[in-house]
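The structure under discussion appears below in the form of structure tokens.
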Number of protein chains: 2
Amino acid sequence: MPVLPVLPRDGKEPAPVQAYQAIRDAIVRVELEPGQRLSENDLASQMGVSRTPVREALARLRDEQLVRVVPQLGTFVSRISVAAVGDAQFIREALECAAVRLSAERAGPSDHELLEELMVAQERTRADGDLDAFYHLDDSFHHALCDLSRHPTVWTISQRAKSHLNRIRRLSLEVPTYLPEMVDEHRRVVDAVVAQDPDAAELALRYHLRQVLRELPHLREQRPDYFEQAELV
Amino acid sequence: MPVLPVLPRDGKEPAPVQAYQAIRDAIVRVELEPGQRLSENDLASQMGVSRTPVREALARLRDEQLVRVVPQLGTFVSRISVAAVGDAQFIREALECAAVRLSAERAGPSDHELLEELMVAQERTRADGDLDAFYHLDDSFHHALCDLSRHPTVWTISQRAKSHLNRIRRLSLEVPTYLPEMVDEHRRVVDAVVAQDPDAAELALRYHLRQVLRELPHLREQRPDYFEQAELV
DNA sequence: CGGGAAGCACTGGCATACAAGTATGCTAGC
DNA sequence: GCTAGCATACTTGTATGCCAGTGCTTCCCG
């Protein structure tokens, strides 16, 4: 019985986007498990708002395929679809790799400094193993990498596309050897960007992104109930 | 005073997505002009539904930056932002070019046949000059090109990202010389795909996509009221 | 006659009430 | 004991009512 936070009344963000972020995070953290049933009424009372903002949040999550809503029946956390993960991976790779090429060309010394700071923060969590903290640092890193291309929308769209992938990312962190390797891979990307070498940056990033799918077969046999059984026709 | 269609009661699609499509189409056709004020009440009564489905539609349009909603003030069709167009162009290029590489590798004879049929349809509208018809054919063509990569989500995401760009695409069609040139460019992409040459396909497509921005400066001086004046800080 | 302030009409945000449909469990009949 | 059918308690979809805040208009006073 996972608990969603009660939305603060004075939040600067409007209620629907707060609800959206809260539910989204819970799904990605797999606190709300794939296949689990969600009730608009329950969510609304848990968060201390009415159904209206919850519905708006669920509509966005439905657009991202994170939930499946069946009229007059219920709303369900969608199971992880291998096909959807593949699509998301493809899109993420196309967008981030294109962006990092520009970033390598455009980034200046202050940008390089920012990247270094993010690397230091990652190194720090290497030891203590706070997975959620690292997950967010990882996001921040890729976000920064995208924004340096001066196309801020890229990150927004990428976020929208890779919801399915995010659960794999989060679950993969449980594998002990995975986290430090990621930091090393980030390191290589940063080096290439600092060297202003677009080709090397794209190559390093592409390699890094592909690693995410490494654990997928293992996860799939470990928790088959998290995944869509067969791709129905 | 443009009129939106009354939503059919027996439509298979739920009311909110019908409303979304209707408003979206009206915006890219520039029947709803940039800067124009929209009222949830007006839209609801025009379409014969209540505010609730209209609100859901407007929320999605807001996510795509096609409308700007100011609380307690009004909802406005957003003016075309040159920066947003640039972002959309970058994203579209990254996604479609990556997809067309795969498409060139994976497409078989029946796929090639489909592309040829789409080309024939385009040739047909070359003479009669039905701009809206051609616009949709153009969309179908790029959609097909994406889907051949076996990553159907690419088109969905691309659609989401390029809303701003779509108005430019639609307005550019008014330029007489533009339409036939587009058909020729499509031709070259198809030839490369049929030849199963990913590099050539990507190159031809990238060139074609870049042409869309060709008319932007002209449009901007022709209808400055359609554009965001200055990129505010 | 001019200017300022108060009222008003309208906006979108949110809560709530009603409608339509599904699954489930209980009961009655065989 | 078992099965068929109905009542009920859910679900989401839609409509409506209320609220806080904004811009404009109009009226009153100097």
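What you see below is based on every heavy atom in this structure, not just the backbone, and it leaves out hydrogens, waters and symmetry mates.
Remark: Thr153(B) engages Asp87(A) in a side chain to side chain donor-acceptor pair (under 3.5 Å) (not counting sequence neighbours). For Gln122(B), the side chain to side chain donor-acceptor pair (under 3.5 Å) partners are His186(B), not counting sequence neighbours. Remark: Glu215(A) engages no residue in a side chain to side chain donor-acceptor pair (under 3.5 Å) (not counting sequence neighbours). Arg214(B) pairs by the side chain to side chain donor-acceptor pair (under 3.5 Å) definition with Glu181(B), not counting sequence neighbours.
Across dG12(C), dC14(C), dG13(D), the shortest atom-to-atom separation from the side chain of Val69(B) is found for dG12(C). Among the nucleotides dG13(D), dA15(C), dT11(D), the one closest to any side-chain atom of Arg37(A) is dT11(D). Distances were taken from every side-chain heavy atom of Glu40(B) (C-beta onward) to each of dA15(C), dT16(D), dG12(C); the shortest belongs to dG12(C). Checking dA15(C), dT11(C), dT11(D) against the side-chain heavy atoms of Ser39(A) singles out dT11(D) as nearest.
Whole-Å rounding puts the Gln36(B) CD to dT11(C) P distance at 14 Å. Going from atom CD of Glu56(A) over to atom P of dC14(C) covers 8 Å, rounded to whole Å. Summarising the geometry, the separation between CZ on Phe76(A) and C1' on dT22(C) is reported as 11 Å, rounded to the nearest angstrom.
At dG13(D), one or more side-chain N or O atoms of Arg55(A) fall inside 4.0 Å of OP1 or OP2 (strictly under the cut-off). Distances shown here put every side-chain N or O of Ser50(A) at or beyond 4.0 Å from the OP1 or OP2 atom of dC14(C). The phosphate of dT12(D) (OP1 or OP2) has a side-chain N or O of Thr75(A) nearer than 4.0 angstrom. The phosphate of dC10(D) has neither OP1 nor OP2 within less than 4.0 Å of any side-chain N or O from Asn41(A).
Between Gln46(B) and Leu4(B), the closest heavy-atom pair is OE1-N, 3.0 Å.
Within the nucleic acid shown, Leu58(A) has no heavy atom closer than 4.0 Å to any nucleic acid atom.
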| Summary of protein contacts for nucleotides 17-22 of chain D, nucleotide by nucleotide, where a base hit scores B, a sugar-phosphate-only hit scores S (4.0 Å, heavy atoms) | B--BBS
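Counting only heavy atoms from C-beta outward, the side chains of Arg24(B) and Ile27(B) never approach each other to under 4.5 Å.
Glu96(B) and His142(B) form a side-chain donor-acceptor contact under 3.5 Å, judged by distance and modelled atom types alone.
Recorded end-axis angle for the helix from dC1(C)-dG30(D) to dC30(C)-dG1(D) stands at 30°, based on five pairs per end and rounded to 10 degrees.
A centroid separation of 6.0 Å or more is found between the aromatic rings of His136(A) and His143(A).
Taking the ring centre of Tyr20(A) as origin, the terminal cationic atom of Arg60(A) falls inside the region bounded by 6.0 Å and 45° from the ring axis.
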